[in-house]
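Single-structure report; data block below.
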Amino acid sequence: MSLSAAPVLSGPTGSLLDLIGKTPMVEVTKIDTGPCRLFLKLEAQNPGGSIKDRIALSMIAAAEAEGFLKPGGTIVEATAGNTGLALTLVGQAKGYKVLLVIPDKMSKEKIQHLRAMGADVRLTRSDVPHGHPEYYTDMAERLAQQIPGGFYVNQFANDANSLAHFKTTGPEIWEQMDGDIDAFVAGIGSGGTITGIARYLKSVGSDAKIILADPVGSTLAGIVNDGVPGPEGSYTVEGIGQNFVPDTADMSLIDKAYSIPDAEAIATVRELLLKEGVLAGSSSGTLIASALRWCREQTEPKRVVTFVCDTGAKYLSKVYNDAWLADQGLGGQPLHGDLSDLISRKYENGDVVVAGPEDTLDTAFKRMRGADVSQLPIIQDGRLVGILDESDLVHVMNTDEITRRERFARPVASAMTRDLDTVQVGESLDALIPLFDRDRVAIVLDGEQFVGLITRTDLINHLSLNR
């Protein structure tokens, strides 16, 4: 019997843990899905904001039942962030301490969220392979052994991980789809999601195709499609993809895999927000891009399910930040073959934080701090008239005997540098070196029109991305 399309309200509960699971499903209607219908299970609506709430509840309950986790103990885990948030949510509700080891490429929103919840967060390198002492799983296991009462969750080899999806997520999908599902798409982070749901679907007699969504740079798609690991590389998508097969992942259940580049994943998740109003995280872009590829390859109508794994609110500084994408070479902007290619924040686009000569030094400093920059272009009547950097502020703060309040109330014009080192946008990269040798930032003009600033970091980033 089909479920009602209308939301069903329930009474108040005494714990957020009671709200884990039973997430809604929505159909994609404004994006081209070929002849197919694509459905998204909104796991971002779990209380911890991701699908990982399900496995945290399951793995902690199993550890308690088996005696591995006792009152006053410490939960230790290696995580890309979402499992950590979920473990912290469940662990604190049950009175445990939580220590998390996280690769340093994770979004700052996740890290700030974890620390605000009281987790002990240890950042480690994201550029080392499995087996290296600073690889996040190796470090977490080592720390758990050193802490009295420490329990290493190890989502990558924990049977309660896939069991959570076999018992809850799989049955929910089957019920919501009325038993009519032709393909299911998921990624592999720890492996529990795709394994648990695939096992459930097969247990109820479904012949749905199991599709792996994998980032380019992860080796797992190669194992599915070619029987050998694919090329290993770096990628910016968080939470899925590995250079090893987790013990939890049963690769024999998977029928087909797609390797999705970062640019396609990010474009997909941004299109999802623009057209469908769904704010999803970066891994959801990989999943949905894979689902769309499969849908568009079909010649007959099919019903396909994938996830919005977590909320895009955790990635506003990255996936939804045009300047960050440009810094990563993912902005999709054409190269012009001049110095403008090095400028990710262009004045004409409104991307540059500026001040006016009549603004106070206090205003200018707050803008510098808020934008995390060390210098501000000073603009008057649309033209560049000076630049203010931290050294100018330090000089003013350490001069006469007036109060700090009075110093900060001074106009920017009293401290800014008017003698500007500028370069024209058509000049070569070599024109930047003399400026950097004098510890200056390069001010780029097109004629008399201000284009933007170039720092040493911008030059290094450009050379790295365009090798």
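Start at 1 with the first residue, then count along the sequence.
With a 4.5 Å cut-off on side-chain heavy atoms, I102 and L114 count as touching. Side-chain contact between E276 and I31: present, with at least one pair of heavy atoms (C-beta onward) separated by less than 4.5 Å. When side chains are defined from C-beta on, E348 does not count as touching F450, because their heavy atoms never get closer than 4.5 Å. By the 4.5 Å heavy-atom criterion applied to side chains, T169 and T193 are not counted as neighbours. Between V28 and L40 there is a side-chain heavy-atom pair separated by less than 4.5 Å. Residues I343 and D458 fail the side-chain proximity criterion, which asks for heavy atoms closer than 4.5 Å. Residues M416 and D392 are not in side-chain contact: their nearest non-hydrogen atoms beyond the backbone lie 4.5 Å or more apart. Side-chain contact between I378 and E358 is absent, with no heavy atoms from C-beta onward closer than 4.5 Å.
Ring planes of F408 and F365: tilted class, angle from 30 to 60°.
For the residue pair I60 and G91, the shortest heavy atom distance occurs at CD1-N, 3.9 Å. A186 and F307 make their closest contact through CB-CE1, 4.5 Å (heavy atoms, listed as atom of the first residue, atom of the second, distance). The minimum heavy-atom distance between N46 and I51, with the atom names listed, is ND2-CA, 4.0 Å. When all heavy atoms of V353 and A371 are compared, the pair lying nearest together is CG2-CB, 3.6 Å. For the residue pair P377 and L453, the shortest heavy atom distance occurs at CG-CD1, 3.9 Å. Closest of all the heavy-atom pairs between L87 and V98 is O-CG2, 4.0 Å.
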Item to complete: Just do the side chain to side chain contact (heavy atoms under 4.5 Å, CB included) check on S374 and D389 with the steps written out, would you?
Response: CA-CA 6 Å; S374 58; D389 66 22; 5.8 Å; no

Discussion item. The test is side chain to side chain contact (heavy atoms under 4.5 Å, CB included); show your working for V269 and Y320 and say whether it passes.
Written reply: CA-CA 9 Å; V269 82; Y320 297 96; 3.6 Å; yes

Worksheet entry | Residue pair M368, L393: steps toward the side chain to side chain contact (heavy atoms under 4.5 Å, CB included) verdict | CA-CA 11 Å; M368 292 166 70; L393 289 172; 3.9 Å; yes

Worksheet item: Please walk me through it: do V412 and T363 pass side chain to side chain contact (heavy atoms under 4.5 Å, CB included)?
Response: CA-CA 9 Å; V412 167; T363 296; over 6 Å; no

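Summarising the geometry, atom CG belonging to L16 is positioned 9.0 Å from atom CG belonging to D53; distances are rounded to the nearest 0.5 Å. We find the CZ-CD1 distance between F244 and I188 to be 10.5 Å, quoted to the nearest 0.5 Å. Here E141 contributes atom CD and E77 contributes atom CD; the two are 10.5 Å apart, rounded to the nearest 0.5 Å. In this structure, CG on N154 lies 9.5 Å from CG on N161, to the nearest 0.5 angstrom. Here CZ of F436 is found 9.0 Å from OG1 of T457. Values are rounded to the nearest 0.5 Å. To the nearest 0.5 Å, atoms CD1 (I55) and NE2 (H165) are separated by 5.5 Å.
Without hydrogens or angle criteria, Q45 side chain to P24 main chain gives no donor-acceptor distance under 3.5 Å. Panel note: side chain T219, backbone P231; no donor-acceptor pair is recorded below 3.5 Å. Panel note: side chain D446, backbone V425; no donor-acceptor pair is recorded below 3.5 Å. Side chain of T195 to backbone of G191: a donor-acceptor contact under 3.5 angstrom is found. Remark: side-chain polar atoms of R367 are paired, donor with acceptor, to backbone N or O of V354 under 3.5 angstrom. No side-chain donor-acceptor contact under 3.5 Å links S126 to the backbone of P103. The backbone N or O of L435 lies less than 3.5 Å from no partner atom in the side chain of D421, so there is not a single donor-acceptor pair. A donor-acceptor contact shorter than 3.5 Å links the side chain of T168 to the backbone of A164. Here the side chain of R270 pairs a donor or acceptor atom with the backbone of V319 at under 3.5 angstrom. Side chain of T124 to main chain of Y135: no donor-acceptor pair is present (N/O by atom type, distance under 3.5 Å, no hydrogens or angles).
Among residue pairs with one or both ends in residues 422-437, none qualify as side-chain hydrogen bond (donor to acceptor under 3.5 Å, both in side chains); sequence neighbours excluded.
Shown here is Q146, whose CD atom has more than 12 heavy atoms of other residues, nucleotides or ligands within 6.0 Å. Around CZ of R438, the count of heavy atoms belonging to other residues, nucleotides or ligands within 6.0 Å exceeds 12. Annotation for F68: atom CZ does not count as buried by contact number, only 12 or fewer foreign heavy atoms lying within 6.0 Å.
Each of I240, L220, V185 was compared with L212 under the side chain to side chain contact (heavy atoms under 4.5 Å, CB included) criterion, and only L220 meets it.
Look at K366 and D362 and you find a salt bridge, because one of the NZ, NE, NH1 or NH2 atoms lies within 4.0 Å of a carboxylate O, short of that distance. Taking 4.0 Å as the cut-off between side-chain N and carboxylate O, K314 and E238 do not count as a salt-bridged pair. Taking 4.0 Å as the cut-off between side-chain N and carboxylate O, R293 and E264 count as a salt-bridged pair.
For the residue pair E43 / T23, a side-chain donor-acceptor distance below 3.5 Å is found, with atom types taken as modelled.
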